[in-house]
Asker: 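I have a structure here, written as structure tokens, and I will follow up with some questions on it.
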Protein chains: 4
Amino acid sequence: MLKINERSEAPIYEQIVQGMKELILKGALQPGDKLPSVREMSATLLVNPNTVAKAYQELERYGIIQTLRGKGTFVAETSAAPGMEKERLERLRHSFHQLLVEAGFLGIGPEQLQAWIDEFHKEIKE
Amino acid sequence: MLKINERSEAPIYEQIVQGMKELILKGALQPGDKLPSVREMSATLLVNPNTVAKAYQELERYGIIQTLRGKGTFVAETSAAPGMEKERLERLRHSFHQLLVEAGFLGIGPEQLQAWIDEFHKEIKE
Amino acid sequence: MLKINERSEAPIYEQIVQGMKELILKGALQPGDKLPSVREMSATLLVNPNTVAKAYQELERYGIIQTLRGKGTFVAETSAAPGMEKERLERLRHSFHQLLVEAGFLGIGPEQLQAWIDEFHKEIKE
Amino acid sequence: MLKINERSEAPIYEQIVQGMKELILKGALQPGDKLPSVREMSATLLVNPNTVAKAYQELERYGIIQTLRGKGTFVAETSAAPGMEKERLERLRHSFHQLLVEAGFLGIGPEQLQAWIDEFHKEIKE
DNA sequence: GTGGTCTAGACCACG
DNA sequence: GTGGTCTAGACCACC
């Protein structure tokens with residue numbers, strides 16, 4: 001359900017964060033669902049528990065998941081972002097801009113990008 | 001024409017690479033144009049010369065610029081990438097995917113993204 | 001300038017965070033000032049570098065300090081909190097409430113508390 | 001009359017302790033009053049009985065409540081703390097100090113704090 | 001059982 | 001030189 005790409009330059013904990021976000025966005029993880037414990041996930045991903053813990057803490061800071069002492073970690077009921085949206089949105093826009101530059105150099109035009117967007121949103125809504 | 005954001009989490013040399021790509025894509029830099037020397041640019045950007053040199057090396061690796069010994073550095077005539085396009089394209093797709101996830105969490109729908117794309121391509125063609 | 005109380009139940013990294021906040025609030029650290037490097041501080045406090053790093057990261061998340069790659073960590077120019085103030089303020093109010101309950105049980109009245117407040121603010125303004 | 005916030009970072013047993021202290025301070029619980037049994041309270045709060053037991057133990061340690069074997073648990077007649085006041089007072093002062101630092105960063109001045117104090121003490125005396 | 005904290009020691013990218 | 005990431009292994013509080 002979640003794979004780590006060791007060759008990726010993205011830090012492992014970030015890959016976990018991204019992966020969880022995607023699972024939640026696609027509905028594979030619903031609000032209230034219990035996440036695998038830090039130890040479990042570290043075992044299945046063959047990764048150090050601290051690394052998983054760091055990912056979970058990051059997700060919690062964004063209000064995406066919540067931990068209940070001694071019980072475990074759960075997908076938060078309200079996925080509403082806890083403020084500072086403005087800054088994050090600005091960062092997203094910037095990333096998107098950079099990506100468009102890169103796409104331009106690879107000869108990827110607006111049509112192809114649009115196709116990718118549509119494909120992605122079709123996945124989500126299923 | 002090229003601004004460095006010291007506070008950005010992106011490495012400075014990457015910012016230079018991105019900036020140059022953007023200038024070329026927008027036509028502000030045409031094939032054959034001479035680039036500022038490493039020293040010049042490091043002076044204007046208030047950046048370590050090694051950093052600029054690293055950026056230039058990266059750009060040369062992608063065939064975007066060319067260094068003629070004793071003459072200087074120039075925008076390459078053929079913007080065609082020297083192979084390895086497949087890998088870069090795969091990376092682009094992956095980045096795009098992650099970005100769509102992030103956008104989803106921020107409530108940015110396909111329409112907004114499409115708008116951003118159109119806006120960007122209008123800039124380029126001007 | 002910053003002391004760790006090993007007997008305190010507060011985590012070391014939190015003590016560092018609190019200590020830095022206090023130094024900044026009192027003006028001992030001015031915006032733009034360089035903080036001791038992670039390694040330096042870990043050596044002077046006799047604490048693991050990771051612990052100091054965690055404290056610095058926490059401070060950076062609140063926009064109180066900034067790290068410039070390869071150069072070090074500095075007190076941020078704008079101490080303005082990056083949003084989410086509302087939530088933090090609510091937490092502060094709650095903590096204050098709990099503290100007043102505790103004070104009530106120890107026979108500390110409003111006058112004493114007011115005295116402490118005045119004393120503290122006199123320190124700051126000096 | 002006593003609410004548990006599962007999402008709070010404060011341990012549940014601490015929340016119970018704090019809540020009981022507040023009820024007593026406000027006079028809602030008078031010396032001699034009988035407290036709900038551990039089982040009762042664990043049922044109404046939807047909390048593990050061990051957790052409630054731990055809270056009661058803590059309250060008894062501070063001489064705030066008393067357990068009479070076979071009869072139940074009662075609010076102690078003398079709210080006087082059994083020594084160790086000095087240490088608790090020192091801790092209170094320290095907490096207060098930290099809180100003032102935090103308040104300083106959030107732009108909360110002495111006037112606002114004073115207002116909160118007054119408001120709280122008005123509640124108590126009612 | 002759960003997550004939170006800390007240590008020790010390592011490697012890496014960046015400037 | 002700087003901070004960022006990761007591992008391995010340990011202890012603790014909480015439920």
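This structure is a prediction, so every number in the text was calculated from the model and none was measured. Proteins come first, then strands; the chains are lettered A, B, ... in the order of their sequence lines, and each starts at number 1.
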Asker: If the threshold is 4.0 Å, N to carboxylate O, is there a salt bridge linking C:Glu87 and C:Arg91?
Answerer: yes
Asker: Can B:Arg93 and B:Glu90 be counted as an ion pair, charged N to O under 4.0 angstrom?
Answerer: no
Asker: If you compare every side-chain N and O of A:Gln57 against the phosphate oxygens of E:dG3 (OP1, OP2), does one of them come in below 4.0 Å?
Answerer: no
Asker: Go ahead and name the base partner of E:dC14; Watson-Crick or wobble counts if both distances stay under 3.5 Å, otherwise write none.
Answerer: F:dG1
Asker: Respond yes when some side-chain nitrogen or oxygen of A:Thr51 is under 4.0 Å from OP1 or OP2 of F:dT7, and no when none is.
Answerer: yes
Asker: So that I can tick it off, tell me whether C:Lys71 and B:Glu6 are bridged by a salt bridge, with the cut-off set at under 4.0 angstrom between side-chain N and carboxylate O.
Answerer: yes
Asker: With a 4.0 Å cutoff (strictly under), does any side-chain N or O of D:Tyr13 reach OP1 or OP2 of F:dC14?
Answerer: yes
Asker: In whole angstrom, give the distance that lies between atom CG of C:Leu46 and atom P of E:dA8.
Answerer: 10 Å
Asker: Nearest-Å distance, CZ (D:Arg7) to P (E:dG3)?
Answerer: 19 Å
Asker: Using heavy atoms to find the nearest nucleotide of DNA chain F for C:Thr67 and D:Ala10 separately, return the residue whose nucleotide is more 5′.
Answerer: C:Thr67
Asker: By the 4.0 Å heavy-atom rule, please label B:Ile12 as base, sugar-phosphate, or nothing.
Answerer: sugar-phosphate
Asker: Is any N or O donor-acceptor pair between the side chain of A:Asn50 and the base of F:dG9 shorter than 3.5 Å?
Answerer: yes
Asker: Would you say F:dG3 has OP1 or OP2 under 4.0 Å from some side-chain N or O of C:Arg69?
Answerer: no
Asker: Go nucleotide by nucleotide along DNA chain E from the 5' end; which of C:Gly70 and A:Pro36 gets its closest nucleotide reached first?
Answerer: A:Pro36
Asker: Both conditions, 6.0 Å and 45 degrees, for the charged tip of C:Arg88 above the ring of C:Tyr62: are they met here?
Answerer: yes
Asker: Which part of the nucleic acid, if any, lies within reach of C:Val47 when heavy atoms closer than 4.0 Å are counted: base, sugar-phosphate only, or nothing?
Answerer: sugar-phosphate
Asker: Give the rounded distance in Å between these two atoms: CG of D:Asn48 and C1' of F:dA13.
Answerer: 14 Å
Asker: Distance check needed: E:dG4 P versus A:Arg61 CZ, whole Å only.
Answerer: 12 Å
Asker: Quick check: are there more than 12 heavy atoms from other residues, nucleotides or ligands sitting under 6.0 Å from NZ of A:Lys26?
Answerer: yes
Asker: For E:dG1, does the base pair up with any side-chain atom of A:Arg39 as donor and acceptor (N or O, under 3.5 Å, distance only)?
Answerer: no
Asker: Counting only Watson-Crick or G-U wobble pairs whose two distances fall under 3.5 Å, which nucleotide matches E:dA8?
Answerer: F:dT7
Asker: Using heavy-atom distances to pick each residue's nearest nucleotide on DNA chain F, tell me which of C:Lys71 and A:Lys54 is more 5'.
Answerer: C:Lys71
